[in-house]
Amino acid sequence: MCLAIPAEVTELLPDEMARVNIDGVGKIISVALIENLKVGDYVILHVGYALTRIDPEEARHTLALLAELGGVAEPAS
């Protein structure tokens, strides 16, 4: 199953790389496919590559939905 998720750019790094935040988890990714990216932008992340910029409100809504789905998927104790 392939999944692309929103991530917030927290730091731009050399060689078209960036540090992003995915709901509290930091990761270094390639941003070579996106021009004029800024800290605070949201991107769609797939297997270590930012595919496109996404509207911040849409990104936060999607992350909230994923968190809600994660809560539903937890096994009952």
Visitor: List the atom of E35, the atom of R53, and the distance in Å for their closest heavy-atom pair.
Guide: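 The answer is O-NH2, 2.8 Å.
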
Visitor: According to a 4.5 Å side-chain heavy-atom criterion applied to Ile, Leu, Val, Met, Phe, Trp and Tyr, with indirect links allowed, do L45 and I34 form part of one hydrophobic cluster?
Guide: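 Yes, because L45 and I34 connect within a single hydrophobic cluster, where side-chain heavy atoms sit under 4.5 Å apart.
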
Visitor: Any sub-3.5 Å donor-acceptor pair from H46's side-chain atoms to L3's backbone N or O?
Guide: yes

Visitor: Are any non-hydrogen side-chain atoms of V9 and K38 less than 4.5 angstrom apart?
Guide: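 Counting from C-beta outward, V9 and K38 never come under 4.5 Å.
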
Visitor: For the CD atom of E58 and the CG atom of L63, what is their distance to the nearest 0.5 Å?
Guide: 10.5 Å

Visitor: Counting only N and O atoms by type, is there a donor-acceptor contact under 3.5 Å from the side chain of D55 to the main-chain atoms of E57?
Guide: yes

Visitor: Can you name the closest pair of heavy atoms from Y42 and A59 and give their distance?
Guide: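 Closest heavy-atom pair between Y42 and A59: CD2-CB, 3.3 Å.
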
Visitor: Pick out which of L66, I29, I5 makes a side chain to side chain contact (heavy atoms under 4.5 Å, CB included) with I22.
Guide: I5

Visitor: What are the two closest heavy atoms between I28 and M17, and how far apart are they?
Guide: CG2-CE, 3.9 Å

Visitor: I'd like to know if L12 and V20 are part of one continuous hydrophobic network [Ile/Leu/Val/Met/Phe/Trp/Tyr, side-chain heavy atoms within less than 4.5 Å].
Guide: yes

Visitor: Treating S30 as the side-chain partner and Y49 as the backbone partner, does any N or O pair qualify as donor plus acceptor under 3.5 Å?
Guide: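 Checked: no pair found.
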
